[in-house]
Structure formats: structure tokens, C-alpha cells
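Within every chain, numbering begins at 1; the chains are lettered A, B, ... in the order of the sequence lines, protein sequences first and strands thereafter.
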Amino acid sequence: MSKSHLELTGVSMSFDTPQGPFQALDTINLKIRKGEFVSLIGHSGCGKSTVLNIVAGLLQATKGGCVLDGHEVNTPGPERAVVFQNHALMPWLTVYENVELAVRQVFRKTMTKRERTDWILHNLELVNMAHARDKRPGEISGGMAQRVGIARALSMRPSVLLMDEPFGALDALTRAHLQDALMEIQQDLNSTVIMITHDVDEAVLLSDRIVMMTNGPAATVGEELTIDLPRPRNRVTLADDPEYVHYRQAVLRFLYEKQRFPGKGDKAPQASTPTEEADSTAPESPVEVKAPEPQPTSAKTKKPVATAVQN
Amino acid sequence: MSTLTSTNPLLQLIRRRYPDVTGKALLQSVTLPVLGIALFLIAWQLVAPQINTSLGDFPTPANVYEQAGQLWQEHQNEQDRADRYVEMQEKRNARILADNPDAETRIRPYPGAPTFIDQIFTSLKTVLAGFFLATIIAVPLGIMIGLNRYFAAAANPIIQIFKPVSPLAWLPLVTMVVSATYVSDDPMFEKSFITSMVTVTLCSLWPTLINTATGVAQVNPDLVNVSKVLRLPFWTHARKVVLPAAVPMIFTGLRVSLGIAWMVLIAAEMLAQNPGLGKFVWDEFQNGSSDSLSRIMVAVLAIGFIGYVLDRIMLMIQRKVAWDE
Ligand SMILES: Nc1ncnc2c1ncn2[C@@H]1O[C@H](COP(=O)(O)OP(=O)(O)O)[C@@H](O)[C@H]1O
Ligand SMILES: [Mg+2]
């Protein structure tokens with residue numbers, strides 16, 4: 001599984017704007033193995049979404065290109081499923097119908113109706129949303145909708161899962177739950193994931209590798225950091241693991257020392273509160289973590305990876 | 001206002017429907033409209049006798065009420081006469097058939113003039129037909145325009161120029177064109193119906209067209225990207241993503257269109273002497289009897305009330321269909 005699965009070679013992107021061409025990306029090179037979880041991190045506006053959209057085929061690079069399993073990427077397709085920041089569910093369809101729209105399109109020739117129904121429900125169960133199958137996006141919380149968005153992406157059985165700040169719009173507790181769920185699913189399915197984030201803890205916790213981007217314009221890959229932490233990972237025990245702390249600092253140093261802040265008005269990446277709290281609280285043993293009832297005050301730091309997620 | 005106690009069944013009904021509305025707000029929601037109507041009627045009653053026309057004083061509310069009853073009575077009488085007319089023919093036919101079982105019999109419809117109520121139904125039929133035609137033209141066309149930037153740029157000047165055209169301008173053209181093209185020995189519809197309907201269509205199609213195009217062009221780009229990632233074919237994309245996304249905007253347009261359709265129809269009927277409420281108004285005007293103004297006023301109120309009901313019906317459908325309500 002070490003052959004290059006997804007490869008970006010010399011990707012440059014320049015947008016035509018009324019003020020003339022705007023060089024957003026400059027010569028991005030990236031090789032990703034099958035089953036690898038890669039995070040893209042960088043300051044707001046540096047070009048992370050642009051990279052992801054080029055891989056998705058929603059944008060065409062002006063120079064260079066992207067090759068997936070030996071085929072050049074030119075158009076969007078379900079083998080490169082995208083999870084959007086704001087779930088992007090059709091508001092007029094129920095949770096079930098939203099996933100069905102994807103499953104019917106992708107598997108209409110290869111699955112019977114029965115198999116498709118089972119497959120839709122299976123994916124909803126993966127994200128613990130089967131109970132809300134007949135609700136509309138307007139009737140569920142943002143975290144739940146985001147899970148359905150993930151279920152819809154997974155239901156396409158993609159070779160690469162592309163996520164653009166999937167948890168950015170969620171509160172810290174919900175985000176922690178979903179991160180754990182995602183780690184679990186990714187381990188089970190061994191899917192390749194590219195995730196954009198500006199949350200340092202999220203990046204270190206979830207990734208096999210963190211790709212740090214320089215500030216735009218003409219952003220490129222600044223540093224790459226391989227996260228060699230064993231899986232499954234537990235956010236609570238990792239919090240004061242010296243290696244984890246070291247990785248975290250490396251990313252922070254890149255973002256705040258090597259890359260100066262971009263212009264005002266931009267959101268700076270931030271370390272999320274859960275781990276900050278975990279740093280100061282007494283470390284808990286894995287045994288304690290398995291306690292069936294998480295106390296509300298520290299639930300966000302205690303949530304064990306293996307526990308079913310609900311919110 | 002002694003009727004507004006808590007024993008008032010209307011008040012109780014409202015209270016059951018809207019339990020969270022406070023008593024005071026509830027009282028206001030009933031009293032203020034009633035008060036408004038009462039003030040209007042009083043003002044009308046006071047002003048009407050001051051306006052002298054060649055057909056007598058302007059009708060008071062009481063005159064109008066009386067004429068409304070009169071028009072209803074005339075309708076009842078006409079229906080009785082029509083029933084008797086048909087009954088008579090049936091009896092005669094039965095007699096003929098008794099004499100000769102092979103005889104060919106037929107029943108001629110009652111040849112009497114259409115009553116006020118008949119005219120209402122004629123107008124309703126025409127407006128719904130015209131509105132339906134406008135909808136099935138405007139929605140698909142609006143989707144095309146909204147989906148395609150080039151198409152939109154090409155269609156825009158045409159829309160902008162035809163949108164403000166009054167029905168009075170279209171009518172002679174439509175009449176001539178219908179006369180020339182709609183020729184058949186046994187027409188399914190009367191020419192006047194087609195003329196009125198087409199005029200209604202031409203005038204009422206624009207709000208739906210514009211709103212549909214805008215709604216389609218404004219579909220959340222994320223949803224469009226989902227559709228691209230799924231590689232939805234064009235028709236699936238249009239049906240499953242674009243159309244439902246634009247439904248709230250389309251319905252807003254449809255309601256405006258239906259309102260315009262109803263206004264335009266009355267004008268067209270009046271001008272073209274085509275059957276319907278407009279013709280009723282015109283006939284009464286030409287008639288010039290002492291009751292004419294009252295009868296026209298009945299028609300005016302009926303036109304307003306029907307317009308209101310049509311809009312309410314559209315609103316109900318919108319609430320059923322649109323996902324954002
Ligand atoms: N369609 C576009 N036209 C012009 N400029 C764009 C376009 N899309 C993105 N940009 C610019 O490219 C840069 C990178 O944008 P983006 O990839 O969205 O950043 P990020 O996701 O890292 O916040 C920004 O400066 C943005 O203004
Ligand atoms: Mg972005």
C-alpha cells in the first residue's frame with residue numbers, strides 16, 4: 001500500500017479577477033498513499049480550498065495536474081467525494097433521501113433496489129444518524145447534518161474523501177464527537193482522506209501527515225509533518241503524550257513563527273479548547289475513560305474513541 | 001362590540017388555533033379589522049349620496065347589498081327556467097320515443113343570457129386556463145434562462161420590453177391572430193375564450209418567468225457542486241436539484257402572476273366583450289338603468305373577493321409544496 005495513489009504535480013492556480021490575474025497557488029507537489037489521512041493546514045485565504053477543489057475536479061489547475069490511480073483528474077466524480085463545510089444537504093430532501101440521491105446515482109447499475117436501501121441505511125448507521133432518516137436538514141442540528149454529509153460522501157464508496165473544514169462550523173463538543181467518529185470510520189474503511197482544517201489539534205489527532213501551506217498569494221507546501229502516533233488514538237491520553245505535544249508545537253511554530261499572520265480580518269488558526277483543558281486537568285487512565293456516563297463538564301475531553309457518538 | 005366576548009364562537013375558534021396568542025392581541029386581531037370595515041362602510045354611506053351621476057346617486061352599501069340579493073335571485077330564476085326547459089324537452093323526447101323507438105332525439109341547451117354567477121364561473125375558467133398556460137411556459141423557460149448565462153443575456157432585453165405591456169395593447173393583436181389561426185368547424189373552445197386566455201397568458205407570464213430564472217440562478221453553489229460530484233445528468237440535475245431549490249421563488253412569482261392574470265382578464269373581457277365578469281360590468285354600464293351602478297359595485301366587490309381567495313389558495317399550495325415554509 002505504499003504506491004502513490006494520488007499525486008499532485010506542479011499544481012499552480014491563477015484566478016482571473018477584475019484587477020488582473022491572481023496567482024493563488026504556485027507549484028504544489030504532493031503524493032498521497034492509499035489509506036493515508038492527510039490534513040492541509042494554513043492561514044485563512046492561503047489556498048487550501050483551491051487545492052481541494054482541484055483534486056475534486058471542481059476547479060482546473062492552470063498549470064500542473066492531479067493524477068488519481070493513474071488517471072488524470074479533469075472533472076468532478078463520485079470517486080472523489082466531497083464533504084462541504086456547511087453540509088450542503090438538499091434542504092427539501094429527508095436525511096435518507098439525501099443519501100439516496102447519491103447512492104442511486106452511483107450504484108444504479110450495480111446494485112438492486114434492496115441492496116441500495118441496505119447500503120443507505122448502513123451508511124447512516126456508520127454516522128449514527130439512522131434514527132433521523134425521515135427528518136429534513138432544517139429539523140436536525142448542524143452536527144447531525146454534517147454527519148449526514150459525511151454519510152453521503154462515504155456512501156459513494158470514494159477512493160478519496162475530500163473534506164473542506166468539515167467541523168469548522170460546529171461547537172467544540174460536537175466537533176470532538178465527530179472527529180472520533182471519523183477516525184473510527186476511516187480506520188475501518190481504510191479510506192484515503194484529505195482534510196482541510198485550521199485547527200491544530202484536529203490536524204495532529206486525525207492525520208497520518210500534516211501538509212502545512214505557506215501564506216498566499218502564490219501559496220505552496222511549506223512543510224510536511226508525518227504524525228507517527230499509534231492508532232486508535234485517544235484524545236485524552238494523547239493530550240499530554242510528549243510526542244503529541246511535540247507535533248502540536250511543530251505545527252504551531254510553522255503557523256505562528258515561520259508564517260507571519262496574513263492581513264487583518266482573516267481568521268487565524270487556533271488550538272481548540274478541549275486539549276487546552278486536557279493539558280491542565282489530571283490525566284485519566286483508559287479504564288476511567290470507559291466509564292459509561294461521561295460527566296457533562298469534561299465530556300468533551302473524555303469521549304472515548306470507541307463509544308458510539310450521538311448529539 | 002358586545003359580540004366579542006369569550007363566548008363568541010369565532011373567537012374561540014381563533015383561540016384554539018393560536019393558543020399562544022394573548023387575549024389582548026387576539027382581541028385586537030379581531031376588533032381592528034372589524035373596526036376598519038365598519039369605518040369604511042360608514043364613510044361610504046356618508047359619501048355616496050353626495051355623488052350624483054346621470055344614473056342617480058352613487059349606490060350606498062344597502063343598495064349594493066340589495067342588488068347582490070337581486071343578482072342571486074335572477075340566477076336562481078334562470079336556473080329554474082333552464083331546468084324546466086330541459087325537462088320539457090325530455091318529456092317531449094320520451095313521447096317521440098314511445099311513438100317511434102328509432103327516432104333521433106336531442107336536447108338543446110337553454111338559450112337564456114348568462115347570469116352574474118355564470119359570468120363569474122366563465123371568468124374563473126378563463127383565468128385558470130390562462131394562468132396554467134403561462135405557468136407551463138414560464139417555469140421551463142425560466143429554468144433554462146436561470147441555468148445558462150448566455151441564454152439569460154439573450155433573453156433579458158425581450159423580457160424587459162414585453163413585461164410592462166398592458167393587456168389593452170395585446171388584445172387587438174391577439175384577437176386578430178386568434179381569428180386568423182384558430183379556425184375549426186367544431187371548435188372545442190370559443191374564440192372569445194381563446195382570446196381572453198392568450199391575453200391573460202401574455203401579461204401574467206413575466207413574474208413567474210423572472211422569479212424562476214432568478215431562483216434557479218441563485219441555487220446554493222454547494223448544492224450545484226454536490227450535483228457535479230455525483231455527475232448527475234442534466235435532466236436529473238434540473239429536476240432533482242435546480243427545480244426544488246427554486247420552488248420558493250417560483251411560488252412567489254406564481255402568486256404575483258395569478259394576481260396580474262385576474263386583473264388583466266377583467267380588463268380584456270371588458271374591452272373585447274368576451275364573456276365573463278368584465279362583460280357583465282360593461283353591459284351594466286351600457287344598460288344605464290338606475291340599478292346599474294349598484295350592480296357594478298357588486299361586481300367590483302366580487303372581483304376583489306375572488307382575487308383574494310385565489311391568492312389564499314396559492315398560498316396554501318405554496319405552504320404544502322415549498323420546503324422553506
Ligand atoms: N474564484 C476565485 N476568483 C478569484 N480569487 C479567488 C477565487 N477563489 C479563491 N480565490 C482567492 O484565492 C485565495 C485562496 O482561496 P481559498 O482557496 O478559498 O483559501 P482557503 O481555503 O485557504 O481559505 C484567496 O485569496 C481567494 O481570495
Ligand atoms: Mg477555504
On a heavy-atom basis, which atom in [X] and which in [Y] lie closest, and how many Å separate them?
| X | Y | answer |
| --- | --- | --- |
| B:Arg231 | A:Pro76 | NE-O, 2.9 Å |
| B:Val229 | A:Arg80 | CG1-O, 4.0 Å |
| B:Asp222 | A:Phe84 | OD1-CD2, 3.8 Å |

Original post:
Looking at B:Asn220, B:Leu232, B:Val247, which one has more heavy-atom pairs under 4.5 Å with chain A than the rest?
Top reply: B:Leu232
Around [X], counting heavy atoms of other residues, nucleotides and ligands shown, do more than 12 lie under 6.0 Å from its [atom1]?
| X | atom1 | result |
| --- | --- | --- |
| B:Phe234 | CZ | yes |
| B:Phe132 | CZ | no |
| B:Tyr308 | OH | no |
| A:Met111 | CE | yes |

**OP:** Check the pair B:Leu230 / A:Met156 against side chain to side chain contact (heavy atoms under 4.5 Å, CB included), numbers first and verdict last.
**Re:** CA-CA 8 Å; B:Leu230 285 173; A:Met156 304 175 203; 3.7 Å; yes
Does any heavy atom of chain B fall under 4.5 Å from the side chain of [X], the backbone, both, or neither of them?
| X | value |
| --- | --- |
| A:Ala153 | neither |
| A:Ala56 | neither |
| A:Arg108 | neither |
| A:Leu93 | neither |
| A:Met90 | both |

Original post:
Which value, rounded to the nearest 0.5 Å, describes the distance between B:Asn225 atom CG and A:Asn53 atom CG?
Top reply: 6.5 Å
Original post:
When rounded to the nearest 0.5 angstrom, what distance separates CG in B:Leu223 from CH2 in A:Trp92?
Top reply: 5.5 Å
**OP:** Please lay out, stage by stage, how A:Arg104 and B:Lys240 fare under the test side chain to side chain contact (heavy atoms under 4.5 Å, CB included).
**Re:** CA-CA 12 Å; A:Arg104 191 156 54 189; B:Lys240 294 280 182 72; 2.9 Å; yes
